[in-house]
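The block underneath contains the structure these notes are about, expressed in structure tokens.
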Amino acid sequence: MASNWSRGIVGYSREELTVGWSDPVNAVPVGLLLASLVLYGAPRSKTAAWALFNTVLIHSWMDGIVGAFGRGPLWLVNEYTTLDSRFWPAQESTVMAMSMAELFIMTPLAFAWYRAIQIDCWYQYSLCLILGTLHMMGNFMYMFGEAWDGFKHLPMEWPPQLNTYYEFKYFWFVFIGLNLVWFVIPLTLICQSIAAMNPQRQQTGQERKKAK
């Protein structure tokens, strides 16, 4: 058991970690980050930081460019391949469609949401509802689809154990743990947005602004 854990933790050589960084697609998250910060400033709240994180890292780069097109740092492409063979080499239609939606639909929406939060625009709560719903629906489709197929695309045998690094990392930490984050946080933000859209609360907020 110890050998499995140590082999998994080491994972990649220094040379392997450097391959793929020269790919021009890696400029996409950098450009989005710079545009967000230059145009609208650093995040002013945890919600804004969440919107920026999803815009720059998750939707555009990791799930979009790396997941759908298999481009970017080679080690990260390999991680997606190891985590779930529906990405690569299978390129399963549902997972590919979800990754494309993240890149071409959810990235612009998340960028618009960040902008709306930063300038305190009225539609920030509507965008939160839309993106939060897409997050939870996409996660449900991704996780339920794999469960329906008997978890055959994950690097483990069913039922999963805790005696290998692969099972801990790819099933318990990534597939279960990280995916749950995109249920809990969106649901929390949806509830907060619904509360903020309450007419009575909005009227109270407007009265406070006038009083200042």
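- Inter-residue side-chain proximity for E167 and P159 is flagged as unmet; no heavy-atom pair is nearer than 4.5 Å.
- Note on ring orientation: taking the six-membered ring where Trp is involved, the planes of F140 and F144 are parallel (angle under 30°, cut-offs 30° and 60°).
- Between the side chain of D63 and the main chain of H59, no donor-acceptor pair closer than 3.5 Å is present.
- One hydrophobic cluster, built from ILVMFWY side chains closer than 4.5 Å, holds both F69 and V66.
- The minimum heavy-atom distance between P43 and A49, with the atom names listed, is CB-N, 3.7 Å.
- Remark: L127 CG to Y125 OH distance equals 12.0 Å, nearest 0.5 Å.
- In terms of hydrophobic clustering, with Ile, Leu, Val, Met, Phe, Trp and Tyr side chains grouped at heavy-atom distances under 4.5 Å, F104 and M62 are assigned to a common cluster.
- Classified by interplanar angle (parallel below 30°, tilted 30° to 60°, perpendicular above 60°), the ring pair F173/F168 is parallel.
- Side chains of R115 and Y40 form a contact here, defined as non-hydrogen atoms less than 4.5 Å apart.
- For the residue pair E79 / Y170, a side-chain donor-acceptor distance below 3.5 Å is found, with atom types taken as modelled.
- Side-chain atoms of S60 never come within 3.5 Å of backbone atoms of P29 as a donor-acceptor pair (strictly under, hydrogens ignored).
- V19 and Y80 are assigned to two separate hydrophobic clusters, defined by single-linkage of ILVMFWY side chains at heavy-atom distances under 4.5 Å.
- L129 and S193 make their closest contact through CD2-CB, 4.2 Å (heavy atoms, listed as atom of the first residue, atom of the second, distance).
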Practice task
Kindly determine whether M143 and F175 satisfy side-chain contact (heavy atoms from CB on, under 4.5 Å), including the steps that lead there.
Solution key: CA-CA 8 Å; M143 298 182 74; F175 187 79; 4.1 Å; yes
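- E92 CD to D149 CG: the interatomic distance, rounded to the nearest 0.5 Å, is 7.5 Å.
- Separating the CD atom in E102 from the NE2 atom in H135 is a distance of 7.0 Å, to the nearest 0.5 Å.
- Distance check, rounded to the nearest 0.5 Å: CE of M141 to CG of L134 gives 11.0 Å.
- Within the 6.0 Å centre-distance limit, the rings of W50 and W182 are counted as a close aromatic pair.
- Between V25 and G72 the shortest heavy-atom distance is CG2-N, 4.0 Å.
- Aromatic ring pairs are classed by plane angle as parallel below 30°, tilted from 30° to 60° and perpendicular above 60°; the pair F87 and Y142 is tilted.
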Exercise for the section: Output, in order, the C-alpha distance, side-chain angles, deciding distance and verdict of side-chain contact (heavy atoms from CB on, under 4.5 Å) for I65 and N26. Expected result: CA-CA 9 Å; I65 292 171; N26 294 312; over 6 Å; no
Handout entry: Stepwise side-chain contact (heavy atoms from CB on, under 4.5 Å) check, K152 with S85
Key = CA-CA 9 Å; K152 65 182 181 181; S85 62; over 6 Å; no
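- When all heavy atoms of M136 and P186 are compared, the pair lying nearest together is CG-CB, 4.1 Å.
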Practice task
Please report the C-alpha distance between N54 and M106 in whole Å, then the side-chain angles of each, then the deciding distance to 0.1 Å, and finally whether the side-chain contact (heavy atoms from CB on, under 4.5 Å) criterion is met.
Solution key: CA-CA 9 Å; N54 279 280; M106 296 178 72; over 6 Å; no
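- Closest approach of A42 and Y114 over heavy atoms only: C-OH, 3.4 Å.
- We find the CD-CG distance between Q118 and L37 to be 9.0 Å, quoted to the nearest 0.5 Å.
- Checking side-chain atoms of W172 against main-chain N and O of Q161 turns up a donor-acceptor pair under 3.5 Å.
- Placement of I117 and I119 within a single hydrophobic cluster is found when ILVMFWY residues are connected by side-chain heavy-atom separations under 4.5 Å, directly or transitively.
- Here the OG1 atom belonging to T107 is positioned 13.5 Å from the CH2 atom belonging to W61, to the nearest 0.5 angstrom.
- By the criterion of side-chain heavy atoms lying less than 4.5 angstrom apart, applied directly or through intervening Ile, Leu, Val, Met, Phe, Trp or Tyr residues, L34 is not grouped with I58; the two fall into different hydrophobic clusters.
- Considering every non-hydrogen atom in both P155 and Y166, the closest pair reads CB-CD2, 3.7 Å.
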